[in-house]
Amino acid sequence: MTKPVILTGDRTTGPLHIGHYAGSLKTRLERQDSHEQFLLLADTQALTDNAHDPDKVRRSVLEVALDYLAVGIDPAKSTICLQSHLPALAELSMLYLNFVTVARLERNPTIKDEIRARGFGRDIPAGFLCYPAAQAADITGFRATVVPVGEDQAPLIEQTNEIVRRINAVAGQSVLPEARAVIPKAGRLPGIDGKAKMSKSGGNAIALSASPDQIAAAVRAMFTDPGHLRVSDPGRVEGNVVFTYLDAFDEDHTGVAALKAQYQRGGLGDEVIKRRLDGVLQALIGPIRARRAELARDPGHVLDVIRQGTEMARARTQDTHRAVVDALGLFRL
Ligand code: ATP
Ligand code: MG
């Protein structure tokens, strides 16, 4: 039996953070054996809001690949590939842009949020507005049916499936499969500043490669409850980033529940909960950082992994492009 295909990816805009771990990497690790899995280093998509800084986009390719390998992605089981070197994805994107309207792209809630967060105003790069069509190409190019993503990405999968349905309708056959988002219960992890989303571009992230001091500093700076002034005051747990992270990363759920109750009653200082979180995050990130440092000593090996993965992905995506062109009945020479 063939395994269901997973496609996920990360924009190469900087090293990955604990939001990626909770939101997507953990699911990818759990499914390495049960699924055929492709991990896309999305450098072309990274350019859609980083055209002024291609240097960062290039440098981040190895960073993200190192993060994958350091958390335990095994290239013998999962294929790591580079978006800009898969021309069939660009060709599929061009086709798909004809199956989506500008109004629909502008209505996409993810795109709306991201346009606001990036302060584009009316100067939205066309590539940025259209990246949902490119993402549809990424997903369908691999014929993926399972897409483990953070909650912020759900509307993009919806939009992918709309494009798929339109193409299948015009082709009169089901040439492309629909995909399903797998969203972890934890939802999206907020930034250390309490903002809705931890993000590489937001300057509010804790990297999976963070040093012990960087982790400690991030926890110290973390948003808690601004009304919780004295230890004896009752404190709020909702919107308190320290508790949100404890919920996501501390496996002792009963212990966390007891701390929450005490915090709400009053009598528990921020210092205590922050010390606990620091311990949890040091234990999570420490081994990843060590493995990453070891891998970084041999960048040639990481490059080989990307090269081999990209080659395999090239054949796969070309097949899909050819199938779509055929199904639409375009002229063939
Ligand atoms: P950028 O700021 O450059 O957009 P990012 O931090 O948003 O970077 P992406 O590469 O856009 O990261 O996202 C890759 C994947 O990680 C997506 O599936 C996304 O849903 C997931 N993800 C990113 N940030 C979070 C988060 N804070 N919580 C949960 N999942 C997240
Ligand atoms: Mg993003």
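As the structure lists them, so they are numbered: ligands from 1, and atoms in each ligand from 1.
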Any N or O of [X] closer than 3.5 Å to N or O of ligand 1:
| X | answer |
| --- | --- |
| Ser24 | no |
| Arg28 | no |
| Gly202 | no |
| Arg188 | no |
| Lys197 | yes |

Original post:
Parallel, tilted or perpendicular: which describes the rings of Phe120 and Phe128, with under 30° parallel and over 60° perpendicular?
Top reply: perpendicular
Provide the number and element of each atom of ligand 1 under 4.0 Å from a heavy atom of [X].
| X | answer |
| --- | --- |
| Thr13 | 1 (P), 3 (O), 8 (O) |
| Met198 | 24 (N), 25 (C), 26 (C), 27 (N) |
| Gly9 | 14 (C) |
| Arg118 | 4 (O) |
| Asp152 | 19 (C), 20 (O) |
| Gly23 | 29 (C), 30 (N) |

Exercise answer: donor-acceptor pairs, residues 280-287 side-chain atoms, under 3.5 Å, sequence neighbours excluded:
unit_1, atom_1, unit_2, atom_2, d
Gln282, NE2, Pro212, O, 3.1
Gln282, NE2, Asp278, OD1, 3.2

**OP:** List in chain and number order the residues that pass salt bridge (Lys or Arg N to Asp or Glu O under 4.0 Å) with Asp33, two or more places apart in sequence or in another chain; answer none if no residue qualifies.
**Re:** Lys77
**OP:** Provide, to 0.1 Å, the distance between atom 14 (C) of ligand 1 and the closest protein heavy atom, together with that atom's residue and name.
**Re:** Asp10 OD1, 3.1 Å
**OP:** Using non-hydrogen atoms of the residue, decide whether Pro190 is closer than 4.0 angstrom to ligand 1.
**Re:** no
Original post:
What do you reckon, does His17 put a non-hydrogen atom under 4.0 Å from ligand 1?
Top reply: yes
